[in-house]
Amino acid sequence: MVVESNFLQSSVIFLTAAVVAVPIAQRLGLGSVLGYLLAGIAIGPWGLGLIRDVEAILHFAEFGVVLLLFLIGLELNPKKLLQMKGPILGLGGAQVVITTLVLASIAYAVGTSWQTSLVIGMGLALSSTAIALRVIDEQGLAGSETGQSGFAVLLFQDIAVIPMLAVLPVLAGNTAGDWLDALWMLAGVVGLLFGGHFLLRPLFRYVVLSGVRELFTVAALLLVIGIALVMERIGLSMALGTFLAGVLLAESEYRHELEIAIEPFKGLLLGLFFIAVGMAVNLGLLALQPVAVLSAVFALVAVKGFILYVLARLAGSRDKARSKMAAILSQGGEFAFVIFTAASSEGLLDEQQTAFLLVVVSLSMVTTPLLLMAQSKWYARRLNIETETQLKSDVINKQPRVIIAGFGRFGQIIGRLMYANKIKVTVLESDASQIKLLRKYGYKVFYGDATQLDLLRAAGADKAEAMVICTDSPDEIMKIIELCQTHFPQLKLLARARSRVEAYQLLSHGVDNYSRETFLGALDLGRQALVSMGMHPYQAKRAEAHFRKLDNAMLKELLPQHNDDKQLASRAKEARKELEEIFGRELESDRQAKNFWD
């Protein structure tokens with residue numbers, strides 16, 4: 001009963017800290033990662049002291065990183081992995097080797113032995129997989145140059161943990177049994193690859209045939225936990241083992257079901273991991289040696305960031321992509337805890353050195369969201385000052401007639417149409433790499449988040465005639481609409497709707513001018529299909545126009561049945577339900593028409 005009571009009490013503390021801190025951090029623009037870290041600092045031994053067993057919680061929470069790597073593996077089949085071998089070995093390998101040597105040289109210059117210096121260099125060369133991938137996911141960078149380069153570096157770092165751990169006994173002078181351990185690790189990897197290829201699919205087929213749906217979730221967790229446990233027992237990285245398992249299942253028919261089963265656990269445990277890292281920040285040591293600790297944190301972030309930036313430039317990355325990747329990967333990582341703890345047990349680090357290094361790594365993790373926020377503001381200030389200078393020099397056309405928010409594949413077509421008809425346009429765009437290209441063709445471009453009131457004012461929203469909102473996120477579109485309706489009521493608002501659900505939201509906010517991005521293209525292709533089936537082109541065009549008119553009328557007719565709570569419902573469920581209603585009405589209409597002619 002005491003154990004159960006302690007577990008429930010700790011759970012309440014963790015959940016309360018997350019629920020309070022993360023929304024505040026999000027609202028302040030700091031991101032969820034920093035919110036979790038601050039929550040951990042607040043409830044940890046150096047904050048309110050509500051939780052004290054940090055090491056046990058951190059060890060458990062590392063399982064969130066394991067689940068994250070498994071899901072990443074599911075996204076990468078072996079072919080994709082082979083295609084990425086250049087960035088992984090080139091950019092990732094160079095980063096680990098160069099950063100290790102540079103940081104080891106700095107540590108050696110301060111007076112540590114070469115063995116200890118090498119351990120410090122290896123541990124600090126690793127970045128936080130959990131923080132970096134969470135930031136990449138939050139900012140939608142997964143398919144971008146920044147995200148792909150960052151992932152290549154992180155993957156090599158995770159692989160590099162294995163030889164780093166293997167070399168620690170050698171550095172400590174304990175060479176007995178090293179070859180046997182290496183063979184044991186190699187056998188473990190070969191066994192995982194063999195078992196994954198021949199056993200995993202039959203296992204999941206057996207589970208699916210049972211007909212018990214929740215058993216699939218149980219089997220997925222068993223797979224990940226089992227592999228993690230085996231990898232840990234033979235001295236390998238748990239995260240690397242589950243990543244390989246994910247890669248082996250990437251082309252299986254169970255891939256999507258596995259993602260759905262694991263995703264909720266991953267998010268929860270990753271949040272717990274960030275909280276545990278925040279709890280591990282030794283504020284007592286920071287208070288005793290503030291200059292030394294903060295100087296070490298600054299040196300770590302600066303050196304890693306500089307090396308990453310230079311390597312990305314040599315690899316041919318664009319300016320903003322390389323600077324953002326350098327910021328995302330500039331911190332120390334969770335595997336540094338593993339390296340330094342193992343080195344301490346081998347006698348390579350004393351207790352004081354280990355404590356100092358761990359607080360430096362923990363504080364460096366806190367710098368990442370702050371660094372990204374500062375970087376974003378710097379880009380916005382630099383690029384927008386240039387734009388305002390251009391606008392001031394344009395005496396004849398000071399203000400735009402149309403503002404376009406978001407200049408991706410959708411917004412570009414609208415912009416080109418405006419430009420072709422000599423309509424002055426200002427673009428709000430968050431991708432700095434496009435700005436020079438847009439300016440080259442005469443667009444006035446502001447860099448930043450279109451949901452910020454200051455940016456809208458600077459772009460001339462108070463004088464413009466219309467605003468076309470083309471951003472990818474439906475939530476952002478609604479925020480911009482609410483902001484414009486409050487502060488710029490004279491603006492004619494036009495917006496992009498990704499589906500009928502977004503169309504209902506726009507209509508409920510009084511925005512009648514919208515375009516469902518897939519509707520018109522699909523309708524045009526349907527008309528072509530009718531013609532290819534033998535229908536006269538004119539008759540097919542009339543059928544297209546009639547269907548469009550009917551669908552728009554039905555959209556407005558069904559509007560009262562929808563409210564804002566629909567945003568929270570499953571989109572797939574919403575679409576199926578509505579499709580049933582539409583088909584039912586159209587079938588009834590066909591019956592009535594048939595009865596009339598009969």
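All values below come from the heavy atoms of this structure, side chains included, with hydrogens, waters and symmetry mates left out. If you read the sequence from its start, that first residue is 1, and numbering goes on from there.
Partners of Ile13 by side-chain contact (heavy atoms from CB on, under 4.5 Å), not counting sequence neighbours, listed by chain and number: Gln9, Ile43, Leu50, Ile51. Qualifying side-chain contact (heavy atoms from CB on, under 4.5 Å) partners for Ile98, counting only residues two or more places apart in sequence or in other chains: Ala94, Val102, Ile307, Leu311. Scored by the side-chain contact (heavy atoms from CB on, under 4.5 Å) test, Ala292 finds Gln289, Phe356 as partners (sequence neighbours excluded). Taking the side-chain contact (heavy atoms from CB on, under 4.5 Å) definition, one finds that Leu358 meets it with Phe337, Phe340, Thr354, sequence neighbours left out.
The distance from the CD1 atom of Ile275 to the CD1 atom of Ile41 is 11.5 Å, given to the nearest 0.5 Å. Distance check: Ile120 CD1 to Ile339 CD1 gives 12.5 Å after rounding to the nearest 0.5 Å. Here the CD1-OG distance, from Ile328 to Ser323, works out to 9.5 Å after rounding to the nearest 0.5 Å. In this structure, the separation between CG on Leu329 and CD on Gln157 is 6.5 Å, given to the nearest 0.5 Å. Summarising the geometry, atom CG belonging to Leu286 is positioned 5.5 Å from atom CG belonging to Leu294; distances are rounded to the nearest 0.5 Å. Between the CD1 atom in Ile106 and the CG atom in Leu101 there is a gap of 11.5 Å [rounded to 0.5 Å].
You'll find the side chain of Arg313 stays beyond 4.5 Å of the side chain of Val310, heavy atoms only. Put simply, the side chain of Val297 does not reach to within 4.5 Å of the side chain of Val361, judged on heavy atoms. The side-chain heavy atoms of Val119 and Met164, taken from C-beta on, include no pair separated by under 4.5 Å. Side-chain atoms of Met325 and Leu91, non-hydrogen and from C-beta on, do get closer than 4.5 Å to each other. Between Val153 and Ser127 there is no side-chain heavy-atom pair separated by less than 4.5 Å.
A pairwise comparison of heavy atoms in Leu103 and Ala125 identifies CD1-N, 4.2 Å as the closest pair. Between Ala132 and Leu154, the shortest heavy-atom distance links the atoms CB-CD1, 3.7 Å. Listed here is the closest heavy atom pair of Ala21 and Ala39: CB-CB, 3.7 Å. Closest approach of Val96 to Ala160, counting heavy atoms only: CG1-CB, 4.3 Å. Annotation for Val22 and Gly35: closest pair CG2-C, 4.1 Å, computed over non-hydrogen atoms. Here the closest heavy-atom approach between residue Ala18 and residue Pro23 is recorded as O-CD, 3.6 Å.
In the model, Thr116 has a side-chain atom that pairs as donor or acceptor with a side-chain atom of Ser113 under 3.5 Å. Gln331 and Thr368 share a side-chain donor-acceptor pair at under 3.5 Å.
Applying the side-chain hydrogen bond (donor to acceptor under 3.5 Å, both in side chains) test to residues at least two apart or on different chains, the pairs with a partner in residues 96-112 are Gln95-Thr99, Thr112-Ser117. Evaluation of the side-chain hydrogen bond (donor to acceptor under 3.5 Å, both in side chains) test over residues 290-301, restricted to residues two or more places apart or in two chains, returns none.
Of the possible donor and acceptor atoms, one in the side chain of Lys304 sits under 3.5 Å from a partner among the backbone N and O of Leu126.
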